[in-house]
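I have placed the structure first, in the form of structure tokens, so that the comments after it can refer back to it.
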Amino acid sequence: MSNLAIQIEDLAFSYPGRSGLCLSHFNLEIFAGERFGLFGPNGAGKTTLMHLMTGLLHYKQGSIRLLGRDVKKHNKAFNSLFGLVPQDFSFYPELSAVENLSFFGAWSGLNGMEIKKRTDELLETLGLNDYRSMPVGKFSGGMKRRINLAIAVMHHPQILFLDEPTVGVDVQTRHAIIAYLKYLNEKGTTLVYTSHQLNEAEELCERIAMIDEGNIIAIDNLENLLNHHQQEGLEGLFLTLTGKAYRD
Amino acid sequence: MYKLWATIVKDFRLLSRDRVGLIMMFAMPILLVIVITSVQNSTFELVNDNKISLIIYNKDSAQQGLKLIQTIEKIGMFRILVLPGKQQEKEIPQLMHAKDALVALEIPENFSSLIETKAKDIAGRSLKDFGLEGDTERSVLPSVSPLILYYHPVLQQSFRQSINGALESALQVIQGDEIVRNLYSALHEKQIPATLENDILHSQVPITEIPVSRGGGRNIPNASQHNVPAWTLFAMFFIVISLGSSVVREKKSGSFMRLRTLPTSYMTVLFSKQITFLIIAFLQTAVIFAIGVWLFPHIGLPALNMPSDLGALLLVTLICGWCAVSYSICVGVFAETQEQANGFGAISIIILAAIGGLLVPSFAMPASFHPLMKMSPLHWGLEAYYGLFLEGGNLHDIMMNILSLLVITLLIQLITYLGLKRKNLI
């Protein structure tokens with residue numbers, strides 16, 4: 001149990017004012033240092049699950065434990081254990097890359113010296129050093145994705161939640177982001193990742209869970225899943241498990 | 001503390017990059033204060049210097065009609081245009097429009113005979129009371145044709161009352177003159193000397209106006225003293241437009257989601273906004289007051305005289321600013337969209353200003369409005385500023401206003417806190 005990064009037990013959740021449960025009797029375990037992928041069609045509950053794990057949404061039934069601590073009972077200081085890369089850009093477009101990193105670094109609990117050091121390090125690693133003083137609103141889509149990621153890892157989180165971190169970027173940026181995520185994982189960061197880019201998942205994730213209508217319909221490493229369902233690739237597996245009907 | 005500092009720096013950076021927003025926050029209040037003070041000042045001047053256009057249609061061909069016109073002219077309140085020849089009554093409104101006159105006076109045909117008969121009658125009865133022989137026969141008063149006052153519909157009732165009062169005093173002067181003439185000629189059997197007539201009628205006891213102040217000073221209140229503090233206060237509360245929508249924008253932006261997942265309370269955002277915008281409110285006030293003191297005399301407006309107790313002025317400004325900022329944040333916390341924050345914020349400030357005595361003086365408000373008035377923070381802020389600027393008071397004199405403002409501010413803060421709790425934002 002001690003190597004569990006995330007433990008979800010009997011979780012149920014519904015959005016206020018909406019009928020039916022979005023998640024019900026949901027159980028999941030993600031191990032520390034793992035690269036874990038959550039996949040499913042639109043509306044399957046992936047983002048909802050991520051928001052519940054990060055405390056953005058509040059649940060009434062069941063429990064979620066991050067690094068052994070109950071999400072519901074934690075205080076704000078607990079948030080420094082994880083980082084979130086939301087699907088939407090989450091920064092101030094009027095501020096430069098350095099100004100955004102300085103502000104979010106301070107909010108993540110870093111001091112002035114740490115912020116400066118980490119800012120230089122991240123801008124260099126993610127290829128944004130030449131644009132450090134440019135307002136991020138003027139960045140290209142790929143640069144915005146990279147700064148979105150940089151902000152989330154400013155404080156060296158132990159768990160990193162990534163909600164479609166490469167959506168709308170070119171091949172080079174996708175490659176750079178995946179490479180950086182692997183580097184973070186090698187340094188000990190647990191990655192919890194959602195995406196519709198199935199080739200990316202094959203490249204990045206050690207274990208995946210397929211979610212549909214608020215339930216896990218398959219969970220294992222990719223090789224076992226493909227063998228079990230007699231599929232050659234993740235896309236075939238995805239369609240076999242979730243069907244071909246539209247999910248809007 | 002470092003988090004708060006970083007947030008304040010972030011807020012100032014965001015503000016400095018929103019040039020239109022900055023212009024709105026500084027240029028608009030300055031414009032507002034200059035325009036309102038100029039308008040109010042010209043209203044004083046309308047009465048004192050500019051004069052009201054008055055058309056007089058004198059149907060009376062005898063002496064008293066002309067005398068009334070001369071007396072009205074002496075009041076100094078009107079710029080008179082006497083219509084020549086015979087006019088039709090229905091032409092007067094058209095002439096008023098054509099001559100841009102707000103009022104017109106029609107003197108009836110038998111005006112002289114009415115005045116003279118009345119004066120003769122009163123003089124005769126007075127002499128009889130003294131036991132003197134005069135023309136004691138009761139005169140038959142001609143049928144009364146009134147003076148007719150036409151007025152433009154834009155003329156407010158208070159203004160009409162002033163005009164009525166001025167015309168009535170002119171009427172009394174010529175009536176009194178005629179009575180004195182009759183009495184004199186009955187007693188002395190000769191005409192009253194012109195100098196004596198002038199002394200009796202025009203040597204009035206002068207009236208000296210002294211403004212009452214707490215400090216014993218005699219600074220004469222002017223349009224600037226009335227308007228600059230009042231509209232500065234209004235501008236301070238109008239910060240709701242930028243601050244209210246800034247809170248909503250931040251709530252709706254992606255950055256807000258990230259802030260909620262970081263190990264810092266959202267209260268830090270609100271503290272930062274309070275400090276940042278309080279500084280803005282202070283700067284607004286300083287700029288507007290400086291304009292009142294130094295610029296106004298150069299643009300033909302009376303200079304703003306600063307109060308003697310600057311410490312009290314600073315404290316009032318601080319608490320008014322804090323109240324304005326607290327109110328703006330409260331609006332931002334409860335509003336779901338920027339449109340809601342802007343619409344509700346702006347209209348509510350105008351309502352609070354109206355019931356607070358900014359648009360209509362509090363003494364002129366109906367008694368039923370007084371409890372409402374006390375709920376408006378602008379009322380207490382205005383009273384505190386007036387205590388310093390108009391009455392020459394000090395901190396002790398305005399303490400009640402400051403305390404009331406403080407209580408309202410704390411209540412707004414409490415409501416904001418409960419709203420944040422309810423919305424799971426803290």
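Below, read A as the first sequence line, B as the second, and so on, with proteins coming before strands; counting in each chain starts at 1.
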Find the one option among [options] whose heavy-atom pairs under 4.5 Å with chain B are most numerous.
| options | answer |
| --- | --- |
| A/F89, A/Y92, A/F91 | A/Y92 |
| A/I115, A/L81, A/L56 | A/L56 |
| A/S102, A/G109, A/S80 | A/S80 |
| A/E94, A/Q87, A/E99 | A/E99 |
| A/D88, A/N148, A/T54 | A/N148 |

* Considering all heavy atoms of both residues, which atom of A/F13 and which atom of A/H58 are nearest to each other, and what is their separation? -> CE1-O, 3.3 Å
* Asked: If every non-hydrogen atom of A/V85 is compared with every non-hydrogen atom of A/P165, which pair is closest and at what distance?
  -> CG1-CB, 4.3 Å
* **Interface moiety of B/R260 toward chain A, non-hydrogen atoms closer than 4.5 Å** => both
* To do: Could you tell me which portion of B/L4 (side chain, backbone, both or neither) has an atom closer than 4.5 angstrom to a non-hydrogen atom of chain A?
  => neither
* So with a 6.0 Å cut-off around CZ of B/F271, is the heavy-atom count from everything else above 12? -> no
* Is there a donor-acceptor contact under 3.5 Å linking the side chains of B/T268 and B/K3? -> no
* Hey, what do you get for CG (B/L352) to CG (B/L233), rounding to the nearest 0.5 Å? -> 10.5 Å
* Asked: Below 6.0 angstrom between ring centroids: does that apply to B/W5 and B/Y2?
  -> no
* **Contact origin within A/F161 toward chain B - heavy atom pairs under 4.5 Å** => neither
